Every structure is written in C-alpha cells, then in structure tokens.
Asks: 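This is the structure I have questions about; it appears just below.
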Amino acid sequence: MDVLLVCQAGMSTTIMCKKIQEAAAKINGHINIVAAGLESIPKSAENKDIVLLAPQVKYAAQNIRKEVDPAIPIMIISPEDYGLMKGDAVYKKMKKVLESKAGEKGQTQK
C-alpha cells in the first residue's frame with residue numbers, strides 16, 4: 001500500500017508516519033508512507049493508494065481534491081488521532097476507506 005501524508009510544514013508527520021508503519025507491521029501489513037507539504041501534492045500523490053491529510057491542512061481538502069487523481073481517496077485524520085499520534089487508529093480508518101473506495105471514488109473521507 002502506498003500512502004501520502006500531507007501536512008503544512010512536516011514537523012509532526014515523521015512521527016505519524018512511523019506510528020502508522022508500526023501499526024501496519026503489527027498485523028503483517030505492507031505500507032510505504034511518505035510525507036509531503038502542501039506545495040508538492042500533485043507530484044507526490046502520483047501512484048498512491050490514498051492521501052492522508054493532517055488536521056491542520058483540512059482547510060485545503062477541496063483544492064487538493066482538484067489536484068489529485070479522482071480515483072485516489074483522500075482521508076482527513078481526526079485531530080484526536082493526530083494529536084495523540086494514534087497510528088493504529090489512523091491505519092484502521094485508512095484501510096476502511098480503501099476497502100470502500102470502489103463505491104466512493106473521488107470522495108473526501110473524514
């Protein structure tokens with residue numbers, strides 16, 4: 001699974017990336033997750049299965065949707081999950097979005 005995590009400046013995303021990777025590893029899931037800032041989304045989102053938005057950039061969700069392939073789901077991470085670095089909760093929610101993406105292509109998920 002290839003994932004893009006988008007944030008404003010990249011300060012806390014490294015920690016969240018690691019937490020999500022740890023959650024995936026616990027259940028033998030393979031995940032390749034990279035972090036990017038708002039300015040590099042179109043190129044960074046190429047060939048990704050899902051785009052995760054940190055809560056501090058949720059205001060940009062509609063603009064990001066216009067820049068990213070409509071087949072790639074976008075999920076906004078909840079402030080609680082992000083603030084507490086709940087990688088396991090984010091991973092579970094992300095998997096649910098991906099499982100339902102066939103019926104919901106082009107939608108932004110919360």
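All heavy atoms count here, side chains included; hydrogens, waters and symmetry mates do not. Note that the structure is predicted; figures quoted are calculated from it, not measured.
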Asks: Just how far is it from atom NZ of K92 to atom CD1 of I27, taken to the nearest 0.5 Å?
Replies: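 If we round to the nearest 0.5 Å, K92:NZ and I27:CD1 are 8.5 Å apart.
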
Asks: Can you tell me how far CD1 of I41 sits from CZ of R65, rounded to the nearest 0.5 angstrom?
Replies: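 It comes to 11.0 Å.
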
Asks: Under the side chain to side chain contact (heavy atoms under 4.5 Å, CB included) criterion, do N63 and L38 qualify, and how do the steps go?
Replies: CA-CA 10 Å; N63 288 336; L38 285 172; over 6 Å; no

Asks: Going from CG on L4 to CG on N32, what distance comes out if it is rounded to the nearest 0.5 angstrom?
Replies: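 Spacing of CG (L4) from CG (N32) equals 10.5 Å.
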
Asks: Just wondering, do M1 and H30 contact through their side chains at under 4.5 Å, heavy atoms?
Replies: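 No, every pair of side-chain atoms sits at 4.5 Å or beyond.
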
Asks: Taking all heavy atoms of Y91 and all of G29, pick out the closest pair and write down the distance.
Replies: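 Residues Y91 and G29, closest heavy atoms: OH-CA, 3.9 Å.
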
Asks: Any side-chain heavy atom of I31 within less than 4.5 Å of one from I20?
Replies: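 Result yes, sub-4.5 Å side-chain heavy-atom pair found.
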
Asks: Among L98, I50, V51, whose side chain to side chain contact (heavy atoms under 4.5 Å, CB included) with V3 holds?
Replies: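 Answer after filtering L98, I50, V51: I50.
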
Asks: Report yes or no: do V34 and V6 belong to one cluster of Ile/Leu/Val/Met/Phe/Trp/Tyr joined by side chain heavy-atom distances under 4.5 Å?
Replies: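 The answer is yes; both residues are in one hydrophobic cluster.
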
Asks: Search all heavy atoms of A36 against all heavy atoms of S44 and return the closest pair with its distance.
Replies: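 Scanning both residues completely, I find the closest heavy atoms to be CB-OG, 3.7 Å.
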
Asks: Can you tell me which residue pairs pass the salt bridge (Lys or Arg N to Asp or Glu O under 4.0 Å) test with a partner in residues 13-35, sequence neighbours excluded?
Replies: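 Sorted result for residues 13-35: empty, none.
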
Asks: Check side-chain contact (heavy atoms from CB on, under 4.5 Å) between Q56 and all other residues, then give those that pass, not counting sequence neighbours.
Replies: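 In terms of side-chain contact (heavy atoms from CB on, under 4.5 Å), with neighbours along the sequence ignored, Q56 is linked to C7, Q8, S12, A54, Y82.
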
Asks: Working to the nearest 0.5 angstrom, can you tell me the gap between K95 NZ and D49 CG?
Replies: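 Reported value, rounded in 0.5 Å steps: 10.5 Å.
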
Asks: Work out which heavy atom in A35 is nearest to a heavy atom in T13; give both atom names and the distance.
Replies: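 Of all heavy-atom pairs spanning A35 and T13, the closest is CB-OG1, 3.6 Å.
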
Asks: Which pairs would a plain distance check flag for residues 69-80, meaning a side-chain donor or acceptor within less than 3.5 Å of a matching protein atom at least two apart in sequence or in another chain?
Replies:
from	atom 1	to	atom 2	distance (Å)
D69	OD1	A71	N	2.8
S78	OG	D81	N	3.0
S78	OG	D81	OD2	3.2
E80	OE2	K86	NZ	2.9

Asks: Which distance, rounded to the nearest 0.5 Å, do you find between the CG of L52 and the CD1 of I33?
Replies: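 Here the interatomic distance stands at 5.5 Å.
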
